[in-house]
Amino acid sequence: KAGVTQTPRYLIKTRGQQVTLSCSPISGHRSVSWYQQTPGQGLQFLFEYFSETQRNKGNFPGRFSGRQFSNSRSEMNVSTLELGDSALYLCASSLGTRSLQETQYFGPGTRLLVL
Amino acid sequence: DQQVKQNSPSLSVQEGRISILNCDYTNSMFDYFLWYKKYPAEGPTFLISISSIKDKNEDGRFTVFLNKSAKHLSLHIVPSQPGDSAVYFCAASAAGTYKYIFGTGTRLKVLA
């Protein structure tokens, strides 16, 4: 079974631009979560989608948005990029059961550098 | 407010000895806990998990212990191997929140 895939793997943008990152979950997984990882900050939760609906979101500004498609693939968009948005963006998928006592499986991440 | 804390940013252990990584949490609603290992330039890899109804879960060289009264969990790796050198993250979730909270990670270095 194929794992979680993320595209692109690396991205360089300039301040003020916008960026869209893509995530394809493991087949059969309906929940997709996004995280931002920066040095010393661990993994910061951005948002979680299930069946095209956002069920929870973290404490990030509105410049960070996402969506999920009917095939469970998800995209994350960051508008008006700032230098501080430089980070590794990770996508994780899981079955998405009601209890969510389940394991999330991560993709390799997209490394974003904002100049 | 950091609800999941890994207070040791790094740990060095001799090959063959036990590695003990610790994690503390503050939210008593957390009922599911996971440990992940992460190599540079890769996504985190799931290691082991534990539900709050248990106090121990074992998988090969990895054992996770949960002390609910102390709001503390630990990951034991026995015996430690050089390939275990990585950053280890603990994570927690509460039922119905659809959200995992991660600690800041502990960098483990296993010395040959």
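First the proteins, then the strands, lettered A, B, ... as listed; each starts at 1.
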So does A:R15 have more than 12 non-hydrogen atoms from other groups sitting under 6.0 Å from CZ? no

Are B:V110 and B:Y88 joined in one hydrophobic group, where the rule is that I, L, V, M, F, W and Y side chains link up if heavy atoms are under 4.5 Å apart? yes

Write down the atom of A:L90, the atom of B:G43, and the distance for their closest heavy-atom approach. CD2-CA, 3.9 Å

Calculate, to the nearest 0.5 Å, the distance between atoms CD and OH belonging to A:E48 and B:Y100 respectively. 8.5 Å

Nearest 0.5 angstrom please: B:F89 CZ to A:Y35 OH, how far? 12.0 Å

Closest non-hydrogen atom pair, A:Q37 against B:K38: OE1-CE, 3.1 Å

For the hydrophobic clusters of this structure (ILVMFWY residues joined by side-chain heavy atoms under 4.5 Å, transitively), does one cluster hold both A:L46 and A:L21? yes

Can you establish whether the number of heavy atoms outside B:R17 located under 6.0 Å from its atom CZ is more than 12? no

Main-chain N/O of B:Y98 paired to A:N56 side chain as donor or acceptor, under 3.5 Å: no

B:Y36 and A:Q104 have their tightest heavy-atom pair at OH-O, 2.6 Å

Linked, directly or transitively: B:F33 and B:F65 (ILVMFWY side chains, under 4.5 Å): no

Sort by residue number and list every member of residues 45-55 of chain B having a non-hydrogen atom under 4.5 Å from chain A. B:F46, B:S51

With a 6.0 Å cut-off (strictly less than), is the heavy-atom count around CG of A:N71, excluding the residue itself, greater than 12? yes

Does B:F62 belong to the same Ile/Leu/Val/Met/Phe/Trp/Tyr cluster as B:L73, with side-chain heavy atoms less than 4.5 Å apart forming each link? yes

With a 6.0 Å cut-off (strictly less than), is the heavy-atom count around CZ of A:R73, excluding the residue itself, greater than 12? yes

Chain B contact via A:R111 - side chain, backbone, both or neither, heavy atoms under 4.5 Å: neither

Show the nearest heavy-atom pair for residues A:T103 and B:L34, with the distance to one decimal. CA-CD2, 3.9 Å

Please answer: with hydrophobic residues joined when any side-chain heavy atoms are less than 4.5 Å apart, are A:M76 and A:V4 in the same cluster? no

